[in-house]
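Notes follow the structure.
Quick note: numbers below take in every heavy atom, side chains included, and nothing from hydrogens, waters or symmetry partners.
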Amino acid sequence: HFVAHRLPPRGLLALFTSYYLTATASTLRMNLLVAGLSHKTAPVEIREKLSFPPESLKTSLEGLVRLPAISEGVVLSTCNRVEILCSARDKESGIATIRHFLARTHNLTPAELDPYLYFYIDQDALRHIFRVASSLDSMIIGEPQILGQLKEAYLQAVECGVTGTVLNRVLHKAFSVAKRVRTETNIASSAVSVSFAAVELARKIFERLTDKNVLLIGAGEMAELVIRHLLSHGVRGLLIANRTLQRADDLARDFCGRAVPFDAIPVYLSQVDIVISSVAASDFVVTREHAATALKLRKNSPIFMVDISVPRTLDPRINDLQNIYVYDIDDLEGIVESNKKGRASEALKASEIIEKEIVSFSHWLQQQELTPTIVHLKEKGEAIRQQELAKTLSRWPELSETERQALEALTASIVNKILHDPITYLKSREMTTGSSLQEIRKMFGLPDEDLE
């Protein structure tokens, strides 16, 4: 099961240990709770304040589950969201506890956080976790990073020993749901960033990039994103030209490329198959004449060019030449927008998958809340049976062992049959939770406290 979700080898023993220790803990009363903020509710300056540094995460997790209202916890802290996933012994006190925990941990007041926080409980929490894992709640729908981040957050919590029956089951189910979404939809199949779109276009023109050489003009943030996408497709060679040669050297060293002088760009055009320009310039860095000369030297072997600079740095007249394909930022943004609409359509399919998974999994969640009541009901019935049987047997000491066993079987059968209908009723009800469950416990004279 762990291998199927590709969890890292480290901590595997902790995962198995956690499952083993919590497998018999199903009598614990459970309320699934998610509390946090994201790019949808809080600006980056607030998200920064609420982030959990890696070096203090273990301390934070251990402090979280020491709180009386919290039995299990996972902290998910990324650039776009900070969330606490937990099993709370009581919904109201769980919300209040997490609210104060977040504020206290980050030296803020609860009132400062309130405008940005959201809380999800039980089925709504389950839906949110499934949507996050499937990247339906991400800034870019379909991006793959969040699933890896969620798995890492879960692994850290397991290694700290702060997860149990509830979160183990919920998160592994979330990983399965995310896999199903990616398998059964095309939510992640199209480019939705300009840098990704540029590389995807190159791949469509050349089919494969493993034998292609690339010249990247510029060494800024966008250029670095382009490089990462190019390397993921295994390009053969990478040249980087930038006005500041040191920056080109630094980037080339980080990604096993080679820096070349900015004023020598025309010389290197004939040596590359792909040119991507992401640099600020007042004039064209590559002119029509530069491109024509490069084509002759290449004996008309095709060149693919992408200009993601504003203003443009590749002469648009290059498009007049045969065997050169030139795209600018408007072309790419049109592709990106179209792909975003396509992903939105696929997100609807993904949402349908999630809703079906919630229905099937919610039954298990409800059983976790019902289990203490059913256990107490059986225990009370058995205690009454044992007590009354002992009284009867004490008055009839002359009974044989066979007769005593017959009475034992008879009384056990009576208790089981009396309890059968109430227990069946409890298991069949969809909303036997909260106050209604407390009423049932009072009806049968069961203790109010949760089993621990």
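- Arg243 places a side-chain N or O within 3.5 Å of a backbone atom of Ala280 that can act as its donor or acceptor partner.
- Between Leu102 and Ile98, the closest side-chain pair of non-hydrogen atoms falls below 4.5 Å.
- Looking at heavy atoms from C-beta onward, Leu238 lies out of side-chain contact with Cys256 at the 4.5 angstrom threshold.
- A donor-acceptor pair is defined here as one N or O able to donate and one able to accept, closer than 3.5 Å; no such pair exists between the side chain of Glu83 and the backbone of Val75.
- Remark: side-chain polar atoms of Asn80 are not paired, donor with acceptor, to backbone N or O of Ser38 under 3.5 angstrom.
- What you find for Val166 and Ser87 is that their closest heavy atoms are CG2-OG, 3.9 Å.
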Do Asp250 and Arg253 pass the salt bridge (charged side-chain N to carboxylate O under 4.0 Å, His left out) test, and can you show the C-alpha distance, the side-chain angles, and the key distance before you say yes or no? CA-CA 5 Å; Asp250 292 342; Arg253 186 167 51 253; 2.7 Å; yes
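- The structure places OG of Ser134 at 13.5 Å from NZ of Lys179, a figure rounded to the nearest 0.5 Å.
- Side-chain contact between Arg81 and Asp137 is present, with heavy atoms from C-beta onward closer than 4.5 Å.
- Considering only heavy atoms from C-beta on, Leu32 comes within 4.5 Å of Leu167 through its side chain.
- For Pro422, the side chain to side chain contact (heavy atoms under 4.5 Å, CB included) partners two or more places apart in sequence, or in a different chain, are Leu377, Phe444.
- At a cut-off of 3.5 Å, with distance as the only test, a side-chain donor of Thr313 or Ser277 sits close to an acceptor on the other residue.
- A donor-acceptor pair is defined here as one N or O able to donate and one able to accept, closer than 3.5 Å; no such pair exists between the side chain of Glu72 and the backbone of Val162.
- Here the side chains of Ser413 and Lys417 are in contact, with some heavy-atom distance below 4.5 Å.
- By the 30° and 60° cut-offs, the orientation of the rings of Tyr118 relative to Tyr120 is tilted.
- Counting only distance, with no hydrogens or angles, the side chain of His106 and the backbone of Leu50 share a donor-acceptor pair below 3.5 Å.
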Could you list the donor-acceptor pairs under 3.5 angstrom formed by side chains in residues 207-220, with sequence neighbours left out?
unit_1	atom_1	unit_2	atom_2	d
Asn213	OD1	Gly237	N	3.3

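- Of the inter-residue distances, the one linking Leu239 atom CG with Ile265 atom CD1 reads 10.5 Å to the nearest 0.5 angstrom.
- Each salt bridge (charged side-chain N to carboxylate O under 4.0 Å, His left out) pair with one or both residues in residues 273-284, not counting sequence neighbours, appears once here: Asp273-Arg298.
- Counting heavy atoms from C-beta on, the side chains of Val170 and Ile129 come closer than 4.5 Å.
- Counting all heavy atoms, side chain and backbone alike, Leu61 lies closest to Gly73 at CD2-O, 4.0 Å.
- Between Gly445 and Lys380 the shortest heavy-atom distance is O-NZ, 3.4 Å.
- Between the side chain of Asp328 and the backbone N or O of Asp307 there is no donor-acceptor pair closer than 3.5 Å.
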Go through it in stages, so that I can follow the logic: the residues are Lys151 and His172, the test is side chain to side chain contact (heavy atoms under 4.5 Å, CB included), and I'd like the CA-CA distance, side-chain angles, deciding distance and then a yes or no. CA-CA 9 Å; Lys151 286 182 177 180; His172 277 276; over 6 Å; no
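- The side-chain heavy atoms of Val158 and Asn168, taken from C-beta on, include a pair separated by under 4.5 Å.
- For the pair Thr185 (side chain) and Arg182 (backbone), a donor-acceptor distance under 3.5 Å is absent.
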Check against salt bridge (charged side-chain N to carboxylate O under 4.0 Å, His left out), Arg127 and Glu355: CA-CA 8 Å; Arg127 177 178 292 104; Glu355 291 305 315; 2.7 Å; yes
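- Residues forming a side-chain hydrogen bond (donor to acceptor under 3.5 Å, both in side chains) with His233 (at least two apart in sequence, or on another chain): Glu200.
- In this pair, Phe130 and Phe361 present their aromatic rings tilted. The plane angle is within the 30 to 60° band.
- Expressed to the nearest 0.5 Å, how far CD of Glu48 lies from SG of Cys79 amounts to 10.0 Å.
- In this structure, Thr105 contributes its side chain and Phe101 its backbone to a donor-acceptor pair below 3.5 Å.
- Side-chain contact check for Ile354 versus Arg131: some heavy-atom pair is nearer than 4.5 Å.
- Applying the side chain to side chain contact (heavy atoms under 4.5 Å, CB included) rule to Thr59 yields no partners; only residues at least two apart in sequence or on another chain are considered.
- To the nearest 0.5 Å, atoms OG1 (Thr41) and CD1 (Ile46) are separated by 10.0 Å.
- When each of Ile227, Leu314, Val226 is tested with Ile276 by the rule side chain to side chain contact (heavy atoms under 4.5 Å, CB included), just one qualifies, namely Val226.
- Going from atom OG1 of Thr97 over to atom CZ of Arg89 covers 10.5 Å, rounded to the nearest 0.5 Å.
- No donor-acceptor pair under 3.5 Å is formed between the side chain of Ser309 and the backbone N or O of Pro311.
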What do the steps show when you test Ile274 against Val306 for side chain to side chain contact (heavy atoms under 4.5 Å, CB included), and what is the final call? CA-CA 8 Å; Ile274 300 169; Val306 180; 5.9 Å; no
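- Closest non-hydrogen pair, Cys160 versus Lys58, comes out as SG-CG, 3.4 Å.
- For Glu45 and Lys49, the salt-bridge test fails: no basic side-chain N is under 4.0 Å from an acidic carboxylate O.
- Listed for the Ser135 side chain is no donor-acceptor partner under 3.5 Å among the backbone atoms of Ser138.
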Using the salt bridge (charged side-chain N to carboxylate O under 4.0 Å, His left out) rule, take Lys378 and Glu382 through it: C-alpha gap first, then chi angles, then the decisive distance, then the call. CA-CA 6 Å; Lys378 288 181 177 180; Glu382 178 62 15; over 6 Å; no
Side chain to side chain contact (heavy atoms under 4.5 Å, CB included) between Glu112 and Thr109, worked out: CA-CA 5 Å; Glu112 290 178 285; Thr109 66; 3.1 Å; yes
Go through it in stages, so that I can follow the logic: the residues are Lys349 and Glu352, the test is salt bridge (charged side-chain N to carboxylate O under 4.0 Å, His left out), and I'd like the CA-CA distance, side-chain angles, deciding distance and then a yes or no. CA-CA 5 Å; Lys349 297 179 186 177; Glu352 292 175 2; over 6 Å; no
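- Here NE2 of His128 is found 13.5 Å from CD1 of Ile121. Values are rounded to the nearest 0.5 Å.
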Applying side chain to side chain contact (heavy atoms under 4.5 Å, CB included), run through His420 and Tyr425 and close with a yes or a no. CA-CA 9 Å; His420 177 267; Tyr425 172 76; over 6 Å; no
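- The nearest pair of heavy atoms linking Gly94 to Ala88 is CA-CB, 4.0 Å.
- Under the side-chain hydrogen bond (donor to acceptor under 3.5 Å, both in side chains) criterion, Arg180 pairs with Glu184, Glu357, sequence neighbours left out.
- A pairwise comparison of heavy atoms in Ala198 and Phe304 identifies O-CE2, 3.7 Å as the closest pair.
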